[in-house]
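Written below as structure tokens is the structure these notes are about.
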Amino acid sequence: MKVKLIFFVILMVSISASSQTKLYLTANGLTKTATLVNNEATADLFSLLEKGPISLSMTENGGFEKIGNLPHSLSTSDVSQTAKSGDIMLYVGNVLCIFYGSNTWAYTKLGTLDNMTTSEIKEFLSGNPVEVILSLGDDASINEIKASEIHKDKVFDLSGKIVTQRPLESGLYIIEGRKTLIK
């Protein structure tokens, strides 16, 4: 426990020193930011995203939020609270919730979308499911190519695993060291 706490403190000092309090979310061709809160869950998320962006398939839930499963559970400090439009919450350790409505439940708060109205959030997250990419930086260097243009080149998914299946399904891949969107 002491080692984890020391790591958490060091990580949070590193985050504060680098002014990394922003989370970048990309969906439907747009990138928005969120301001992260300072807790152990956001430190875990930051650590996970240092390895590269994460793509989540987020679905409609209850008419007030989009939810998607993270690849790994984060630390939780759940408290009963009322989430409101723009809040980004963690549920049961690995479910990321982005609210455009309101709900009271036990969540761990991760952050809040910056300067977005409820209608802008709904438009940003339109589609069911919607692919949302989480990252630590605004990466405008995502290339778009057709799946038929990929033959024998090495292709990796966002977790770094080689993808051998051809043709590629729609999604985000790493090809020749660049993030590439396949439609």
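Scope of the values below: all heavy atoms of this structure, side chains included, with no hydrogens, waters or symmetry mates.
The side-chain hydrogen bond (donor to acceptor under 3.5 Å, both in side chains) search around T108 returns D78, not counting sequence neighbours. By the side-chain hydrogen bond (donor to acceptor under 3.5 Å, both in side chains) test, S119 pairs with T117, sequence neighbours left out. For T104, the side-chain contact (heavy atoms from CB on, under 4.5 Å) partners are S80, T82, not counting sequence neighbours. Looking at residues two or more places apart in sequence or on another chain, you find no side-chain hydrogen bond (donor to acceptor under 3.5 Å, both in side chains) involving N94.
Pairs passing the salt bridge (charged side-chain N to carboxylate O under 4.0 Å, His left out) check and including a residue from residues 61-71, sequence neighbours excluded, read E60-K66. Applying the salt bridge (charged side-chain N to carboxylate O under 4.0 Å, His left out) definition to pairs two or more places apart or across chains, those involving residues 89-118 are K22-D114, D87-K109. Among residue pairs with one or both ends in residues 115-127, none qualify as salt bridge (charged side-chain N to carboxylate O under 4.0 Å, His left out); sequence neighbours excluded.
Under 3.5 Å, the side chains of N39 and T42 contain a donor-acceptor pair of N or O atoms. Side chain to side chain, T31 and T26 meet the donor-acceptor criterion of an N or O pair below 3.5 Å.
Rounded to the nearest 0.5 Å, atoms CG (L45) and CG (L36) are 6.5 Å apart.
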Run the side chain to side chain contact (heavy atoms under 4.5 Å, CB included) check on L134 and L48 step by step: do they pass? CA-CA 10 Å; L134 308 176; L48 190 60; over 6 Å; no

Stepwise side chain to side chain contact (heavy atoms under 4.5 Å, CB included) check, V130 with F124: CA-CA 9 Å; V130 59; F124 176 62; over 6 Å; no

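Taking both residues in full, the closest heavy atoms of Y91 and C97 are given as CB-SG, 3.8 Å, listed atom of the first, atom of the second, then distance.
Ring-plane geometry between Y107 and F99 is classed as perpendicular, the angle between the planes exceeding 60 degrees on a 0 to 90 degree scale with a lower cut at 30.
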